[in-house]
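Numbering of residues begins at 1 and proceeds along the displayed sequence.
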Amino acid sequence: MQQRKTNVMAVTVAIYVATFMSAIEGTIVSTALPTIVGDLHGVALMNWVFSIYLLTNAMMTPIYGKLTDLVGRKPVMQAGLIIFIIGSMMSGLSDSMPILIFWRAVQGIGAGALMPVSMTIIADIYSFERRAKVLGFNSSAWGIASVLAPLIGGLIVDKLSWHWIFFINVPVGLITLFLFQFYLREPKRHNQVKVDYLGSFWLMLFLLGLMLSFQLLGNATISWGTVIIAWIVSALSLGLFIRRESHTDEPVISMDLFKNHTFVIQNAVAALVSGFLMAVEVYIPTWTQGILGVPASLAGFAVTPSSLMWIVGSFVTGRLLAKWAPRRILYLSLSFILVTSICLALLPVSTPFLWFFLITAIGGIGFGITITATTVTSQHLVSADNVGVATSFNTLSRTIGQTLMISIFGIALNVGMNQGIAQHAGTNMAMMNKLINPQTATSLPKNLLPTLHGILYTGLHWVYWIGLALVILAFVVNTLDRGPQLTAARHAEKLNQSKHNNF
C-alpha cells in the first residue's frame with residue numbers, strides 16, 4: 001500500500017538532491033575557505049569550520065537513526081532539512097569566525113539526518129533486488145560533487161561572494177523539503193514515542209570525546225594532555241552508555257545488534273575501508289600536485305575514476321547479494337581495494353599522472369561493492385523496526401573510520417616529511433608547504449626540487465603503507481565472520497520467519 005501511494009521517482013530525486021548537498025558541502029566550503037578566512041580574519045580558527053560540522057554531524061547520526069524507527073522517516077528527514085537550511089542561512093549571514101563556527105555546528109546537526117535517513121527510505125521504497133542499483137545511482141552524487149564542487153565554489157566566490165556558498169543550500173533544501181512533504185507517504189506510527197534522553201546524552205558525549213580527540217591528533221602540534229582527557233571522557237561515556245542501553249526499554253542502539261557477528265563485521269569492514277578511502281581521495285591530489293606539479297584544477301580528476309567505477313561496483317553488488325554470502329562478497333571487493341593499496345604503496349616517484357586514473361578506477365569498483373554491500377546487508381540483518389538504527393550505525397561507522405584515519409594519515413605524512421627534512425640540510429617545512437601548491441612551487445630553488453619531491457614522496461608512502469595495513473586488517477576481520485553464510489535475502493527471509501513464529 002505504501003509503495004503505491006509514494007511517488008517513488010519524486011522521492012528518489014529528493015534523496016539524490018539531499019545526498020548531493022551532503023557530498024558537495026565539504027569540498028565547496030574548502031574552495032571558499034581562504035576567502036572566508038581573509039574576510040573574517042580567523043586563520044587560527046579555520047580548522048573548526050570543518051571540524052565542528054563533522055563533530056555535530058556524527059553525534060546526531062545515531063539519534064536520527066533511532067527516531068526514524070520511532071516516529072517515521074518523513075518527519076525526521078523534514079526536521080533535519082529545516083535545521084540544515086537554518087544553519088546554512090545563518091552561516092551565510094555570519095560576520096565573524098566564532099559566529100560562523102556556531103552556525104556550522106547547527107548545520108552539521110541538520111546534516112546528520114540526510115545520509116542515514118535517505119538510505120533508510122531507499123530500503124523502504126525499493127525491493128531488495130533493485131536497492132543496490134539505486135544506492136549505486138545515489139552514490140554517483142559523490143562523484144559528480146567531487147568534479148563540480150571546486151568549479152561551483154570558485155565561480156560563486158569570484159562572481160558573487162563567499163556568503164552564497166551557504167545561501168545556495170536554502171532554495172535547494174526547500175525544494176527537497178517540498179518533494180518529501182508531498183510525495184513521500186508512510187503509515188502513521190501509533191507506538192508511544194519514548195526517547196532515551198540519558199542514553200542519548202552518554203552516546204553524544206562518547207562521540208564528542210572520540211571525534212574531538214581525532215581532530216586534535218590531526219593538528220600540527222598535538223596537545224597530548226587534552227587528547228588523553230578526551231579519551232578518558234569518551235571511554236567513561238561509552239561504559240555508561242552500554243550500561244544504560246542494556247537496561248532501558250527503548251535503547252538508542254540496541255545491544256542485541258552486536259550479538260550478530262555478521263552485522264558487527266560488516267560495519268567494522270565498512271569503517272576500515274572508509275578510512276583507506278581518505279588515503280585515496282585526500283592524498284592522491286597531494287601527490288599529483290606536489291610531486292608531478294599538476295594544477296589544482298586538474299589534480300582532483302585523478303580520483304574521479306574512483307567515483308565513476310563506484311557506481312559500476314554498486315550495480316554489480318545487486319546481483320552478488322542475491323547469490324553470494326556477505327563474507328564472500330567482501331573478499332571480492334577487498335581484492336580490488338588491495339590491488340589499489342599495493343600499487344600506491346609501491347609506486348615510484350616518477351609515476352605518470354595517467355596511471356592514477358587506472359589505480360583509482362580499480363579501487364572504485366572495490367569501494368562501490370564494499371559500501372553498498374555492507375549497507376544493504378546491515379539493513380537485512382535486522383528486523384523492520386530497527387532498519388533506521390542499523391543504517392545510521394553503518395553511516396556512523398564509516399564516519400568514525402574516515403575521521404580517525406585522516407588524523408593518523410596527517411601525523412604519518414608530517415613525521416615522514418620531518419624525518420626527510422632532518423636528513424637534508426637546507427630544507428624546511430615552509431618549503432614543503434610551498435611545494436604542495438604548484439603555484440608557489442615555482443618560487444623554490446630548482447636545484448632543491450628533486451630533494452623536496454623525494455621528501456614528500458617518503459611522507460606519502462608512510463600514508464600508503466598504513467593504508468595497505470588497513471586493507472589487510474579488513475581481510476582479517478572478514479575471516480572472523482563465522483556466522484551462517486547465507487545471502488542477505490535469505491537472512492531477511494529467516495528473520496521474517498522468526499518474527500512470524502513469535503506471534
Side-chain angles (χ1 to χ4, degrees), residues 18-37 40 42-64 79-94 96-118 141-142 145-146 149-150 152-153 156-157 162-170 172-173 176 204-205 207-219 230 274 277-278 281-282 392 395-396 398-407 410:
T19 303
F20 185 78
M21 283 198 300
S22 297
I24 205 170
E25 186 63 28
T27 309
I28 202 169
V29 171
S30 66
T31 303
L33 193 59
T35 305
I36 295 173
V37 170
L40 301 182
V43 67
L45 297 173
M46 63 182 291
N47 285 341
W48 281 99
V49 175
F50 291 105
S51 300
I52 198 69
Y53 179 86
L54 292 173
L55 281 169
T56 54
N57 190 321
M59 287 165 58
M60 291 305 299
T61 294
I63 311 300
Y64 284 128
L81 279 168
I82 289 170
I83 296 170
F84 181 78
I85 291 168
I86 292 171
S88 297
M89 171 66 79
M90 299 308 297
S91 292
L93 292 173
S94 299
S96 72
M97 212 62 166
I99 292 175
L100 173 61
I101 290 169
F102 173 81
W103 287 113
R104 282 285 285 171
V106 174
Q107 198 182 16
I109 290 172
L114 301 186
M115 283 303 296
V117 181
S118 292
W142 294 89
S146 68
I152 295 173
I156 290 175
V157 170
W162 66 261
H163 302 275
W164 283 94
I165 293 290
F166 302 107
F167 289 153
I168 197 172
N169 288 327
V170 176
V172 176
T176 310
M204 292 175 71
L205 192 59
L207 291 171
L208 176 63
L210 188 68
M211 301 288 283
L212 184 59
S213 69
F214 296 163
Q215 296 294 333
L216 293 171
L217 285 172
N219 291 343
S274 296
L277 179 63
M278 292 296 94
E281 293 195 343
V282 175
S392 67
T395 304
L396 179 64
R398 288 154 48 191
T399 302
I400 290 176
Q402 291 175 344
T403 308
L404 171 62
M405 292 316 302
I406 199 67
S407 300

- Message: I need the S274 OG to I406 CD1 distance, nearest 0.5 Å.
- Response: 12.0 Å
- Message: Can you tell me how the ring of F167 sits relative to the ring of W164, calling it parallel under 30°, perpendicular over 60° and tilted otherwise?
- Response: perpendicular
Kindly list each side-chain donor-acceptor pair under 3.5 angstrom involving residues 109-117, sequence neighbours excluded, with atom names and distances?
none

- Note on the structure: Here the gap from L212 atom CG to I52 atom CD1, rounded to the nearest 0.5 Å, amounts to 8.5 Å
- Item | Atom pair OG1/CZ of T56 and R104 - distance to nearest 0.5 Å | 8.5 Å
- Within a reach of under 6.0 Å around CD1 of I168, are more than 12 heavy atoms found that belong to other residues, nucleotides or ligands? no
- Message: Under the criterion side-chain contact (heavy atoms from CB on, under 4.5 Å), I'd like the reasoning laid out for N57 against T399: C-alpha separation, chi angles, the key distance, then a yes or no.
- Response: CA-CA 9 Å; N57 190 321; T399 302; 5.7 Å; no
- With rounding to the nearest 0.5 Å, note down the distance linking CD1 in I165 to OG in S88. 11.5 Å
- Which atoms form the tightest heavy-atom contact between L396 and T61, and what is the distance? N-CG2, 4.2 Å
- Message: Quick check: closest heavy atoms across G209 and A230, and the distance to 0.1 Å?
- Response: O-CB, 3.6 Å
- For W162, check side chain to side chain donor-acceptor pair (under 3.5 Å) against everything at least two apart and list the hits. D39
- Atom CD1 of I86 and atom OG of S91: how far apart are they, to the nearest 0.5 Å? 11.5 Å
- Would you name the heavy atoms of L207 and A58 that are closest together and state the gap between them? CD1-O, 3.5 Å
- Query: Rounded to the nearest 0.5 Å, how far apart are CG of L100 and CD of Q107?
  - Reply: 9.0 Å
- Message: Checking M21 against V172 for the side-chain contact (heavy atoms from CB on, under 4.5 Å) test, could you report, in this order, the C-alpha distance in whole Å, the side-chain angles of both residues, the deciding distance, and whether it holds?
- Response: CA-CA 8 Å; M21 283 198 300; V172 176; 3.7 Å; yes
- Task: Write down the atom of I85, the atom of G173, and the distance for their closest heavy-atom approach.
- Result: CD1-C, 3.5 Å
- Residues that S94 engages under side chain to side chain donor-acceptor pair (under 3.5 Å), provided they are two or more places apart: none
